[in-house]
Amino acid sequence: MKIYFHIDKMANTMKILVLGSGMVASPCVEYLTRNPKNEVTVACRTLSAAEVLASGFPRTKTLALDVSRTVELDAQVAAHDVVISLVPYVHHPAVIRSAIRGKTNVVTTSYISPAMRGLEDEVKKAGVAVVNEVGVDPGVDHLYAIKTIDEVHAKGGKVKELYSYCGGLPAPECADNPLGFKFSWSPKGAILSQRNSASFLYQGKQVNIPSTELMSIAKPYHVVDGYSFVAYPNRNSVPFREFYNIPEAETVIRGSLRYKGNPEFIQALANLGWLDPEKRSWLKDGITWAEIQQKLVGASSPDESSLVAHIKESYSFPDVAEADRIVSGMRQFGLFSDEPAAVKDGNVFDTLCHQLAQLLSFKPGERDLVMLQHKFVVEWEDGKKDTITSTLELLDDPERYSAMALSVGATCGVATQLLLDGHPAFNQPGIHAPYRRDMCDPIREALAREGVVLVERVLC
């Protein structure tokens, strides 16, 4: 197949543009700068953030860049061999359009959105490869799902059920707050991920869960001993029967893991108005947290006893103990206090997210955890059934990176290097995700050398 490149792209040195300097960027840049042919430019709206990241790596420079400025983005994208977009997913279509104009390859860690998929004809016409879903979820999950499924099929088996759950969490000893959660990425993004609707296949039928009910269907789920997880479906699992080539599957559920008690707390915050994104004229600088709570529940005063009474009247808790747990947690987060709130963007949700970001960030020495497990129910030709699991239990390495940073950033770095190396599975014009063995195997093998490995077992 013909590979399309700029004249510059035939040079020995490979130029890589990294958009964003968040936590996952560092292991990605580290991996890429191991290759002496690679030169990296870290671009961020805040130049100082890019400079802090770049200072630790050779052949790495920085620039200030706002991806919403099309002319500037076009110039930088065209000057590089590949652009890694680690900015929020809503900006990926703009980055891809710049890449089309500049005939530059693209890598993202995000799901392929409809807006991105809609650019595929232009991407192919430009001869550009856009590689997506090379983080942890999505990313590492695909690598091992495809491996096991292909092995089962090669032995004549059928995957009748697939359950795949992933969670980016604090290590158990650090889950010391009412949410059982700490934010290693945007609190707003993390909470919004728990407010999605969900669709999945169960026993041959499609099940659709509205966003308002998602947290109410979270159920205890055993992954490995020593953890108290609950699981709930996430986004749309239905297309993965096709993506993973398992037309025989009757159940396909992909979802998220949280610690016990988290979904109920999120649901209570939502029902009490704290996740309201609408701008409110009364939400002004100087308002206290208690006064916000008063407005939300219609209490007669901001006194805590009045607030608690109205909360218990307006929200149906399952029992007294759960009501006391939620109220105690809200108190711990300062939502009944007479301290002025730092109002953000004129809405309650952003204001709450700012507060939680201050209270629930990882402290020095605290570890995070990435837990990922596939569970396959397999039927063999003789009628026998097995349950096969594939499990990642990855904890923070205090000497290197958080578990989330490593699993996302290293995966992205590996996929980018394969693209730069001209690997035929990656260097094809179009919009791609690792749903095939020829893409998954080389990423998985390289990633194992970075310490990101799933352990496979057949359960008795």
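- Residues passing the salt bridge (charged side-chain N to carboxylate O under 4.0 Å, His left out) test with Asp368, sequence neighbours excluded: none.
- For the 3.5 Å distance criterion, the side chains of Glu456 and Tyr144 fail to qualify, holding no donor opposite an acceptor.
- Side chains of Gln293 and Trp274: a donor on one and an acceptor on the other come within 3.5 Å.
- Residues that satisfy the ring pair (Phe, Tyr, Trp, His ring centres under 6.0 Å) test with Tyr111, not counting sequence neighbours, are absent from this structure.
- For the residue pair Ser110 / His92, a side-chain donor-acceptor distance below 3.5 Å is found, with atom types taken as modelled.
- In this structure, a donor-acceptor pair under 3.5 Å is present between the side chains of Asn262 and Gln194.
- For Lys375, there are no salt bridge (charged side-chain N to carboxylate O under 4.0 Å, His left out) partners at least two apart in sequence or on another chain.
- When the side chain to side chain donor-acceptor pair (under 3.5 Å) test is applied to Asp66, the partners found at least two apart in sequence or on another chain are Ser68.
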Side-chain donor-acceptor pairs under 3.5 Å in residues 200-211, sequence neighbours left out?
| residue | atom | partner | partner atom | Å |
| --- | --- | --- | --- | --- |
| Gln206 | NE2 | Asn208 | OD1 | 3.0 |
| Asn208 | OD1 | Ser199 | OG | 2.7 |

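- Residues satisfying the ring pair (Phe, Tyr, Trp, His ring centres under 6.0 Å) criterion with His374, sequence neighbours excluded, are Phe376.
- A donor-acceptor pair shorter than 3.5 Å cannot be found between the side chains of His432 and Glu120.
- The ring-ring contact (aromatic ring centres under 6.0 Å, His included) contacts involving residues 155-177 comprise Tyr165-Tyr221, where partners must be two or more places apart or lie in separate chains.
- Listed by chain and number, the residues in a side chain to side chain donor-acceptor pair (under 3.5 Å) with Glu264 amount to none (sequence neighbours excluded).
- Within the structure, the ring-ring contact (aromatic ring centres under 6.0 Å, His included) test picks out no pair touching residues 338-362 (sequence neighbours left out).
- Residue pairs meeting the salt bridge (charged side-chain N to carboxylate O under 4.0 Å, His left out) criterion with at least one member in residues 302-313, sequence neighbours excluded, are Glu304-Arg331, Lys312-Asp324.
- In this structure, the ring pair (Phe, Tyr, Trp, His ring centres under 6.0 Å) partners of Tyr227, at least two apart in sequence or on a different chain, are Phe229.
- Every residue two or more places apart in sequence or in another chain that forms a ring pair (Phe, Tyr, Trp, His ring centres under 6.0 Å) with Phe265 is listed here: Phe333.
- A donor-acceptor contact under 3.5 angstrom links the side chains of Thr108 and Asn132, judged on distance only.
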